[in-house]
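Notes to accompany the following structure.
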Amino acid sequence: MMIPVIAYYVIFQYGPMYGAIIAFKDYSPMKGVMDSEWVGLAHFQSFFESYYFWRILKNTLILSLYSLCFEFPAPIILALLINEVRNKRFKSIVQSVTYMPHFISLIVICGIIKDFTNSGGLINTFITYLGGDGQAMLQKPELFRSIYIISDIWQGMGWTSIIYLAALMNVDQEQFEAARIDGAGRLRQIWNISIPGILPTIIIMLILRIGNLLSVGFEKIILLYNPAIYDTADVISTFVYRKGLLEFGWSYSAAVGLFNSVVNLILLVLANRLSKKFSENSLW
Amino acid sequence: MRKTKKSLLAVLLTVFMILVSLTTACSSNTEEAEQNSAKQGEASQKSNEATTYPIQTDKKLTYWAGLNSNLAGIKSSLDEVPFFQEWQKRTGVPLTFISPTAGQQNEALNVMLASGELPDVIEHSWINFPGGPEKAIKDGYILKLNDLIDQHAPNYKKYLQDHPEVDRMVKTDTGSYFGFPFIRGDESLLVFQGPIVRQDWLDELGLEMPTTIDEWYTVLKAFKEKKGASAPLSFLSDGRLAALSNGAFIGAYGINLGFYLDNGQIKYGPAEPQYKEFLATMSKWYAEGLLDKNIATTDSKTLDANIITGATGVSIGNAGSNLGKWTPLLSEQNPKAVLAPAPYPVLNKGDVPRFGQYDNPFAVNGTAAITSTSKDPELAVKMLDYAYSEEGHMLFNFGIEGVSYTMENGYPTYTDLMMKNPDKLAPAQALSLYIRGNYFGPFVQDKRYSEQYNVLPSQKDAIQVWKTEAKSTKLPPITATPEESTELAKIMTDVDTLVNEMTLKIILGSEPLSSYESYMERLSTLNFDRAIEIQEAALERFNKR
């Protein structure tokens, strides 16, 4: 019974990893992985020495931290709120409405964001109506992170909240009853029963999230950014896209990808260890 | 004693045997080589006779090419397009088409090359391949075609012999031919893009056709204040003011947006002092609302909307794909609206613009190269050579006689099926079904196509109005060596990022104009001088061809 499982991992998970060695080579598909020339750490070096290295690293980290601070709690809060709703119909409507955006394709989402934020767009029309000054928001470096995070929350919040709602279902209902008898209000119940009840789920999700800290979703940035906002919008993966995919630098992209994965792995291990130390929960 | 003798003998014997085997190996090699050259000799003799089409073959070739955007929504693949069906029938070579997603040619090609599984023929702008076509050949993606063209492409070869100036452009510094190119066959086809203005607004406001930057300022201001245009000047930007890259507006300052030729010297516009003046004007126009507020994000969809709704009075576009598209759409909204081509702006009245759109006869797009893994390169060459023959030329430019064109007094005239399509297809769409003339591809474009394609009087005028001296400032298709190009790419990625960012920030006003100097200092730290050096070396090699 174990053989298919092992075969799966060897063929589809570990097998392709050997391709990572192209990061140390001057890879040419026609020569193949084995026959391409070794160049050692040259690609890593040219990435670290790149003029924009610090800026893209900073942007990547900031965007990741923002999403950790704002995006991560959003579905938890939503789940707790939905859980408190007693009217079944209203509850299901709220749920459907909030997780609908998850099914819209990213290209459409970005089109909507662009249309809404340009100088004649919906948001600006509203601002001018209130007496403000309309401006093309995607040309303002200081607004990019907010636009990115807010739209991300809008798109993903409802969908991710399902996992927390499921966890809430499993919280023992008798505890709530007991608390109510003891005179605990709604907020107290949330604080002392609901949150501790789903804490293991939260921590597992958090550890997983930290393991992806350096992997900002680049498709969305590619679709939204322009040179005017490189200052805040240019991240490692978009830089690699411009450099690697448009200039055919496979080895270079592989090197940066490997760097990304190593940092992510270290963060994941650290987060797991910390969590093990301070709470009962851990991935392994 | 006996023992040593024996072993000595053994050694001698072995040496002898090795020698024998070596010589036989050598001789068999030379024999083979002789046989090969004899075969080639035969083949090159054969080349004097042209291939007879259709070729009798049972092989099927795979062909990678983009789908003409005019066909969007009409046909989903090249197999269904009558032109491509006819082409296969006439050459006798069955083709399987693979088309990349529109707008993602580069990415799709990249993925395909990385996979190592290549089709027989790839249409691409190979001159822009990272590292140049020389590297594409060296890395084993595509074939060097010199011998194959000599032997099997008499039509193409003849064209190059008759047009030495084109011949110089379509090969690399070392003289390798890398593909079958798209050639604009007439001087009148080389200019097709320039400023476009709302003539009816000018007339209504009693304004002359502007020529200088100051006059343009007056016009834009009037458009904004009296015609309520919210984005008086708007053009395709792609984040780097793409529509200006041929020299519209920026050319007035005696520079261009990228590399250009100045009395035989290579210069880079953003590094020249006049660039600051250009930025000053643009940021002033932006601040006063004369330039599209969304200029960094303007794409063709937004631009079309701007023009059609009257938000924009001045743009930059092509005679065919823009003037031809906007005019009917605009007159649907407003019957009085008239779009007209405007001359490239200059600084002082009476100057002749030095910069403007001007294409080299060898247009970079749509060069069909044959891959190194091709099952039958000879057949592919023969198939591609057809387009450069008399008959192929007519098929590519005018389509099928009796269906898409008829001969009237020796002039191929498009039929009503093309120009007044019963299915309500615009001429551009209908033509795209039957010809390749209005799209790039491996053939020679005929001017009689554009004489009919550009039907509006404004389109016919455009070529005259957009005349500039750009021929003297336009860089020929130069290529760096594979070694240099890695270095050049590394420098230019950083330089492009810096310049695009700086340009937009100053124009949008998020950085003051005074920051231009500090940007220039940073440019020198990016090793920019080396980039110029590489380009100059490439130009020198080109001139020596």
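A, B, ... follow the sequence lines: proteins, then strands. Residue 1 opens every chain.
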Checklist outcome for this item: Rounded to the nearest 0.5 Å, the CG atom of A:D115 sits from the OG1 atom of B:T302 at a distance of 7.5 Å
Checklist entry - Should we count OH of A:Y99 as having more than 12 external heavy atoms under 6.0 Å? => result no
Checklist outcome for this item: Turns out that what part of B:I507 lies under 4.5 Å from chain A's heavy atoms comes down to neither
Checklist entry - Just wondering, are more than 12 heavy atoms of other shown residues or ligands nearer than 6.0 Å to NZ in B:K375? => result yes
Checklist entry - Is it true that the side chains of B:N294 and A:S119 contain a donor and an acceptor less than 3.5 Å apart? => result yes
Checklist entry - Which one, B:T497, B:T297, B:L118, B:T493, leads in non-hydrogen pairs under 4.5 Å with chain A? => result B:T497
Next on the checklist: Just checking A:F72: does its CZ atom have more than 12 heavy atoms from other residues, nucleotides or ligands closer to it than 6.0 angstrom?
Outcome noted: yes
Checklist entry - Does B:Y275 have any ring-ring contact (aromatic ring centres under 6.0 Å, His included) partners at least two apart in sequence or in another chain, and if so, which? => result B:F278
Checklist entry - Side chain, backbone, both or neither: which part of A:Y252 has an atom under 4.5 Å from a heavy atom of chain B? => result neither
Checklist outcome for this item: Highest number of heavy-atom pairs under 4.5 Å with chain A among B:L498, B:N128, B:V499, B:D292 belongs to B:L498
Checklist entry - Given a strict heavy-atom distance threshold of 4.5 Å, which part of B:S372 is in contact with chain A: side chain, backbone, both, or neither? => result side chain
Checklist outcome for this item: Between the CG atom in B:D494 and the CZ atom in A:F239, the distance rounded to the nearest 0.5 Å is 5.5 Å
Next on the checklist: Testing the basics here: between B:A114 and A:W250, what is the closest heavy-atom pair and its distance to 0.1 Å?
Outcome noted: CB-NE1, 3.4 Å
Checklist entry - Does A:Y129 OH have over 12 foreign heavy atoms under 6.0 Å away? => result no
Next on the checklist: I'd like to check the ring-ring contact (aromatic ring centres under 6.0 Å, His included) partners of A:F44; sequence neighbours left out, ordered by chain and number.
Outcome noted: A:F24
Checklist entry - Just wondering, more than 12 heavy atoms not from A:Y8 lying within 6.0 Å of its OH? => result no
Next on the checklist: Tell me if the CD atom of B:E117 is crowded by more than 12 foreign heavy atoms within 6.0 Å.
Outcome noted: no
Item to check | More than 12 heavy atoms from other groups under 6.0 Å of CG on A:L65 | outcome: yes
Item to check | Interface moiety of B:L508 toward chain A, non-hydrogen atoms closer than 4.5 Å | outcome: side chain
Item to check | Residue part contacting chain B, namely of A:Y225, when any heavy atom lies under 4.5 Å | outcome: neither
Next on the checklist: Quick check for you: to the nearest 0.5 Å, what is the distance between B:N500 atom CG and A:N226 atom CG?
Outcome noted: 10.0 Å
Next on the checklist: Show, in sequence, the C-alpha distance, side-chain angles and deciding distance for B:D496 and A:R242, and conclude whether the salt bridge (charged side-chain N to carboxylate O under 4.0 Å, His left out) test is met.
Outcome noted: CA-CA 11 Å; B:D496 283 341; A:R242 288 207 304 282; over 6 Å; no
Next on the checklist: Tell me whether A:W54 at atom CH2 has more than 12 heavy atoms from other residues, nucleotides or ligands lying less than 6.0 Å away.
Outcome noted: no
Item to check | Leading residue by heavy atom contact count with chain A [cutoff under 4.5 Å; candidates B:P130, B:S115, B:G140] | outcome: B:P130
Item to check | Interface residue of largest heavy-atom contact number with chain A, from B:A489, B:G116, B:A296, B:S510, under 4.5 Å | outcome: B:A296
Checklist entry - Checking A:Q139 side chain against B:K505 main chain: does a donor-acceptor pair fall under 3.5 Å? => result no
Next on the checklist: So which atom in A:P227 and which in B:E501 form the shortest heavy-atom distance, rounded to 0.1 Å?
Outcome noted: O-CG, 3.3 Å
